[in-house]
Protein chains: 2
Amino acid sequence: MVKAATIKDIAQHCGVSVATVSRVVNNKGVVRAETVKKVESAVLTLGYRPSMAARALKSASNRTLGVIIPSLMNPVFAETASGVQQRARARGYTPLILSSDYDDELELSAVENLQAYQVDGILLTVNDVLSSAALKQLDQAGLPYCLMHNVPRHRVAGYIGVDNFRAAAEVASRILAYGHTCIGMVSGEFVRTDRARERHAGFIAGLKYAGVELAHLVQVDPVNATGLQQALTNIYGQSGAHPTAWFCSNDLLALATIARLELLDKPVPEQISIVGFDGIQAGALREPALTSIRTPNIDIGSAAVDLLLAQLDDTPADLGRKLGYQWVEGGTLATNSYTSHNLSNESKYDV
Amino acid sequence: MVKAATIKDIAQHCGVSVATVSRVVNNKGVVRAETVKKVESAVLTLGYRPSMAARALKSASNRTLGVIIPSLMNPVFAETASGVQQRARARGYTPLILSSDYDDELELSAVENLQAYQVDGILLTVNDVLSSAALKQLDQAGLPYCLMHNVPRHRVAGYIGVDNFRAAAEVASRILAYGHTCIGMVSGEFVRTDRARERHAGFIAGLKYAGVELAHLVQVDPVNATGLQQALTNIYGQSGAHPTAWFCSNDLLALATIARLELLDKPVPEQISIVGFDGIQAGALREPALTSIRTPNIDIGSAAVDLLLAQLDDTPADLGRKLGYQWVEGGTLATNSYTSHNLSNESKYDV
DNA sequence: TTACATAATGTAATCGTATACATTGAGATT
DNA sequence: AATCTCAATGTATACGATTACATTATGTAA
């Protein structure tokens, strides 16, 4: 391990003091043009990089942002993190990315970790805004942060996300427009994320507006969809309400649901309609494409960076912003075959 | 921004010196059990976390590992990073994750960034082992690192990955076993990654072993598959070799290829067979499931952590290891319909 | 000429931690 | 009683940068 060049090495090499080198490197204070040139060339030849550790220790800022997402393996958050990284980079910041694996304790420890690294601020998606110990910790420490995807009802902090409630309500009305009357929902466990709750509430509300009740709610582990197969088998195996359409609270669940339904000999969309939420690539690549709501994940990441940095600069900024979502017209939402069958029968009598 | 408690605060609060606190916190040296208890409770009540910055500055190690992957949005690397994080966590290290976005310059700057953070070592996937400026920088600095997914022919450093050449050769023999004779390959651009090169070389070799030549090679931008549609349209539009099977150098490309072929009215696997490489979830969720090679991405990440830490501890360890891959029996590789058609015709005459 | 503003650079303290070395005290050995 | 061990703890320095303040040089006004 060769020792890296320090500011002292540069100073010595140029015959100036460390203060002057620092001034040149940080472009602060007055330095003779000639000296600047001398120092800059020394920096280049010696391959000097200021130690972030030392910088963080001494000064308030080390131009580093922490990022915490629930999972690296969910494309939604991967895209968000990617958006963060791109924007942070463009604005001269380095993002440190950690994942909480949907675990409240890891969420907290991620925050504490990032604090230990003296980051300037944190961009994060928490499992649940209301109960997050991580947020409490951040508030207490007074460390600036911006939520991503979480859209708190009672705003407690900066946030960037889509209005999950409203989007889910729109999904409801779209599904209804296709003539479905018996509708179910597959959701990640409510205890785990506020997004799941919001989407559920919005969907219920959208249905209720048309006087329809949710026929079934299946809650599964969002990571590997444990129990989904069993639940669907039960529902379609026994007498009772047999949904002709399902709203899944994210696209991965939607794809899993479609696969399980095929196994039950319920082809999508011929017999059952499915609508997802996220608009991930995997949904778009299949045939027919998954009908879904696309959230602007990359934009959420970059907008969150801007919001946080504005906060750091004391620039008067939005306190939070809801970004638009987009209806993805795929092929997995179709006219209710059962209803249309009935209708054609009825019309026979009517004519 | 409330100031965090420092080691001094703890020392004062307990009426001991900072040295004692440090000893307790780092579990080093001898301290009276009673004192340990006192300090530990103070740490808890004051919410003390040692500053990584200071620690990095003073001591050689801050128990931090850098991670550089080509893309957060490719599930392969997301899984790998996830594996790294889990294992690092378990071993008391914090991973700092950066993505290079498949860009050589960003790759280098990511390394330099991590150096500035004084990480203990780096786990990374580079675009191309042979030409990587990032690796040159690491070697020069003498910073320990371990490659992930890159399997250098002439070993220059520790690595964990699968034998891409061999795996691709196996794919060739499998495709051939299904009676295909006109076979193409869709690959990420060779200039960009050594994995693409290895898979190509292995596939060619596998075909050649059976006396078959590769009929078409389509190289596309691995991020958004630009030009794929055009290339396929050309190939199937004009006279000449019409492949009945394609090997795609990764699953995302495979899914994209399938979608494009459907548009050309070439259903998979009825008319065309497709084999991918990676074994990502999106491939498994579709119907029929994508036939592919599954690489143990999470294991690659965690094994790489172990290898690097062994290196750091000067434990005599493997210098590199090839992990096993797995053939994923999906539904997108089928018997060559053209051949079987011919065969049935021929058998008519034969009988 | 003297005084003074200003530009350019240097000096030294500081951030929070780790650690080599010094110190203290108590029990064991002579 | 004097000496020695060893456990337990304290003191003080260093890590690499930033920055307030000090210093020097130089040109300008009185």
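Chain letters run A, B, ... following the sequence lines, proteins first and then strands; every chain starts at 1. The structure displayed is predicted, hence computed values, not measured ones.
- From A:Asp104, atom CG reaches atom CG of A:Asp128 across 7.5 Å, with rounding to the nearest 0.5 Å.
- When the nucleotides D:dG10, D:dT9, C:dG10 are ranked by their closest atom to the side chain of B:Thr35, D:dT9 comes out on top.
- Distance NZ (B:Lys8) to C1' (D:dG10): 15 Å, rounded to an integer number of Å.
- Using a 4.5 Å heavy-atom threshold, the side chains of A:Val119 and A:Leu65 count as separate.
- A straight line from CG of B:Leu46 to C1' of C:dG16 spans 15 Å, rounded to a whole angstrom.
- Heavy-atom contacts from other residues, nucleotides or ligands closer than 6.0 Å to CD of A:Glu189 number more than 12.
- Between A:Ser17 and C:dG10 there is a side-chain N or O to OP1 or OP2 distance below 4.0 Å.
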Filtered N/O pairs between nucleotides 18-25 of chain D and protein, under 3.5 Å:
{"residue": "D:dT18", "atom": "OP1", "partner": "A:Asn26", "partner atom": "OD1", "Å": "3.2"}
{"residue": "D:dT18", "atom": "OP1", "partner": "A:Asn26", "partner atom": "ND2", "Å": "2.9"}
{"residue": "D:dT18", "atom": "OP1", "partner": "A:Arg55", "partner atom": "NE", "Å": "3.0"}
{"residue": "D:dT18", "atom": "OP1", "partner": "A:Arg55", "partner atom": "NH2", "Å": "3.1"}
{"residue": "D:dT18", "atom": "OP2", "partner": "A:Ser22", "partner atom": "OG", "Å": "2.8"}
{"residue": "D:dT18", "atom": "OP2", "partner": "A:Asn26", "partner atom": "ND2", "Å": "3.0"}
{"residue": "D:dT19", "atom": "OP2", "partner": "A:Lys28", "partner atom": "NZ", "Å": "3.2"}

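- B:Asp313 CG: more than 12 foreign heavy atoms inside a 6.0 Å radius.
- Note: CD (A:Gln115) to P (C:dG16) measures 14 Å, nearest angstrom.
- In this structure, B:Gln118 places its CD atom 14 Å from C1' of C:dA18, rounding to the nearest Å.
- In this structure, A:Arg32 places its CZ atom 15 Å from C1' of C:dT6, rounding to the nearest Å.
- Of the candidate nucleotides C:dT9, C:dC15, C:dG10, C:dC15 has the atom lying nearest to any side-chain atom of A:Leu57.
- Each end of the helix from C:dT1-D:dA30 to C:dT30-D:dA1 gets its own axis from five base pairs, and the two axes differ in direction by 70°, given to 10 degrees.
- In this structure a side-chain-to-backbone donor-acceptor pair under 3.5 Å is missing from B:Asn150 to B:Val129.
- Listed by chain and residue number, B:Glu112 satisfy the salt bridge (Lys or Arg N to Asp or Glu O under 4.0 Å) test with A:Arg49 (two or more places apart in sequence, or in another chain).
- Atoms CG (A:Asp9) and P (D:dG16) sit 8 Å apart, rounded to a whole Å.
- Contact annotation for B:Val30: base contact, defined as any heavy-atom pair under 4.0 Å involving a base atom.
- Between the CE atom of B:Met52 and the P atom of D:dG16 there is a distance of 19 Å, given to the nearest Å.
- In this entry the distance linking CD of A:Gln12 with P of D:dG16 reads 12 Å, nearest Å.
- No side-chain donor from either of A:Arg89 and B:Asn113 sits under 3.5 Å from a side-chain acceptor of the other.
- Atom OG of B:Ser99 is separated from atom CD of A:Gln86 by 8.0 Å, given to the nearest 0.5 angstrom.
- Between A:Asp306 and A:Arg321, no side-chain nitrogen of the basic residue sits less than 4.0 Å from a carboxylate oxygen of the acidic one, so the salt-bridge criterion is not met.
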